[in-house]
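Comments concern the structure below.
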2 protein chains.
Amino acid sequence: MPTTLPMSAYVVLGLLDRHPGATPYQLDQHIRGSIGYFWSFPRSQLYEEAGRLVRHGLVVEHQERGGRRRRTLSLTDEGRRELRQWLTTPTQAVTEIHDEGLLRLYFQSPDFADAENNGDAVGRLAAEQIQAHGARLAEYEGLVASGRLGAGSPQRATLEVGLRFEQMIIGFWREIAAASTYPSEPTR
Amino acid sequence: MPTTLPMSAYVVLGLLDRHPGATPYQLDQHIRGSIGYFWSFPRSQLYEEAGRLVRHGLVVEHQERGGRRRRTLSLTDEGRRELRQWLTTPTQAVTEIHDEGLLRLYFQSPDFADAENNGDAVGRLAAEQIQAHGARLAEYEGLVASGRLGAGSPQRATLEVGLRFEQMIIGFWREIAAASTYPSEPTR
DNA sequence: GGGTACATGTAATCAGTTACATGATTTA
DNA sequence: TAAATCATGTAACTGATTACATGTACCC
């Protein structure tokens with residue numbers, strides 16, 4: 001077994017610790033609307049991940065014969081050990097903010113603040129991003145309001161970062177939008 | 001050609017627009033210390049990406065015969081068109097904050113704020129994260145101070161998000177640490 | 001002129017995604 | 001009970017990462 005597994009593996013281990021006997025499909029449901037906001041992967045990967053973890057002896061699966069042939073998954077002792085270990089060993093991995101809007105901003109031409117010159121591409125980008133992040137923020141607020149997350153739970157704490165990020169980025173794009181509509185260095 | 005390319009493709013197109021004739025190796029240099037903070041991939045992928053873009057007719061390459069057999073890359077007209085189009089078409093993709101520290105926090109047991117109960121795993125995690133994000137913040141501040149980014153440039157604007165994110169997340173982990181007993185960093 | 005660090009590329013492997021297929025359940 | 005929807009899985013393909021190999025310059 002490799003010394004370090006891909007993140008999807010730890011997500012599966014972590015979820016199985018909380019929800020023993022879940023099927024990959026059910027894991028997918030848990031992921032969407034929670035940790036999937038931060039680190040997502042398609043459902044099919046959960047099947048592959050499950051297979052890999054079984055091969056590594058960290059998970060056992062039991063597949064129904066006939067019908068839907070569901071695979072129910074549970075951690076082995078070694079899987080639990082691996083999870084505990086991952087949770088407690090220091091990481092030196094750094095954060096990446098995967099955001100297509102930011103990437104597009106980065107590659108705008110240097111005169112991007114000059115709306116006349118570029119058909120206000122940045123103004124449009126900003127407007128679209130404000131809208132998209134507003135929707136995301138509302139989703140997060142809905143989650144909090146739903147009360148499904150314990151007040152001091154690690155899930156609630158993690159979501160807090162999502163909330164603060166969305167507030168921050170909305171403010172950022174508003175500033176960009178303002179500079180785009182009213183260029184600070186007008187062409188003349 | 002697929003209607004939508006992977007992000008690494010747009011990064012290569014965007015960089016080649018600014019640095020025509022660059023080699024994959026040189027692109028790697030540009031990426032590290034700039035957009036790579038947000039969206040990174042290993043150098044070898046730039047070779048593969050270059051090959052793919054050439055196959056799609058978006059890039060032309062010229063490989064030295066003998067010696068290091070460098071490949072210099074440039075956009076074709078169609079490559080430029082593809083880049084312009086990507087820069088101006090609306091995206092519905094959402095942000096993902098890939099952060100291993102947050103993921104670990106998410107999977108802590110519910111009593112995570114109770115340091116007695118878990119060997120203060122969370123306190124350690126928070127301390128480590130405060131340290132790591134402090135270093136990252138310092139790097140960003142160094143970039144700004146270096147003056148290599150134009151004051152109103154899109155690169156500077158993008159970096160601003162990095163700066164605000166790091167400040168936000170450091171504040172977050174300080175709060176987490178405060179709820180735990182492991183000695184926290186002095187406030188800077 | 002031999003060692004060290006930098007520059008460059010390729011091949012093999014592994015992970016992730018898309019597209020598809022089928023079984024079960026609800027509801028008009 | 002047919003149509004629609006939800007649940008579940010697999011296979012084929014594409015993308016990403018690791019490991020390796022070699023070339024060039026620098027410097028003592």
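Order of the sequence lines fixes the chain letters, A, B, ..., with proteins taken first and strands second; residue numbering starts at 1 for each chain. Because the structure is a prediction, the values reported are computed rather than measured.
Within the structure, a side-chain polar atom (N or O) of B:R52 is placed less than 4.0 Å from OP1 or OP2 of D:dG15.
A donor-acceptor pair under 3.5 Å is formed between the side chain of B:Q108 and the backbone N or O of B:R104.
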Could you run down the sub-3.5 Å N/O contacts of the protein with nucleotides 18-22 of chain D?
{"residue": "D:dT18", "atom": "O4", "partner": "B:S44", "partner atom": "OG", "Å": "2.8"}

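The shortest non-hydrogen separation linking A:S8 to A:R52 is OG-NH2, 4.3 Å. The two atoms that bring A:G57 and A:T76 nearest to each other are O-OG1, 2.7 Å, heavy atoms only. For the pair B:E100 and A:A93, the tightest heavy-atom approach, listed with the atom from each and the gap, is OE1-CB, 3.1 Å.
D:dT17 atom C1' lies 14 Å from atom CE of A:M7, rounded to whole Å. Rounded to an integer number of Å, the gap from CG of B:L46 to C1' of D:dA16 is 11 Å. Remark: P of D:dG23 and CZ of B:R71 are 17 Å apart, rounded to the nearest angstrom. Taking atom CG of residue B:L53 and atom P of nucleotide D:dA16, one finds them 12 Å apart after rounding to whole Å. Look at CG on A:L73: it is 12 Å from P on D:dT8, rounded to the nearest Å.
Within the structure, every pair that satisfies the salt bridge (charged side-chain N to carboxylate O under 4.0 Å, His left out) test and touches residues 13-39 of chain B, not counting sequence neighbours, is listed here: B:D17-B:R84, B:D28-B:R32.
Residue A:R156 qualifies as enclosed at atom CZ: its count of foreign heavy atoms under 6.0 Å is above 12.
For B:Y37 and B:Y140, the ring centers are positioned less than 6.0 Å apart.
Between A:R55 and A:E61 there is no salt bridge, since none of the side-chain N atoms of the basic residue sits less than 4.0 Å from a carboxylate O of the acidic one.
The hydrophobic side chain of A:V94 is isolated, with no ILVMFWY side chain under 4.5 Å apart from it. Other cluster members for B:Y47: B:Y25, joined by side-chain heavy-atom distances under 4.5 Å among Ile, Leu, Val, Met, Phe, Trp and Tyr.
Listed by residue number, there are no residues of residues 18-40 of chain A with a heavy-atom contact under 4.0 Å to DNA chain C.
Each of C:dG9, D:dG9, D:dA16 was ranked by its minimum atom distance to the side chain of B:E48; first place goes to D:dA16.
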_Let's test your reading of the pairing rules: Watson-Crick or G-U wobble, both distances under 3.5 Å, then write DNA chain C as a dot-bracket string with ( ), [ ], | and dots._
||||||||||||||||||||||||||||
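Nucleic acid contact class of B:Y47 (heavy atoms, under 4.0 Å, all strands): base.
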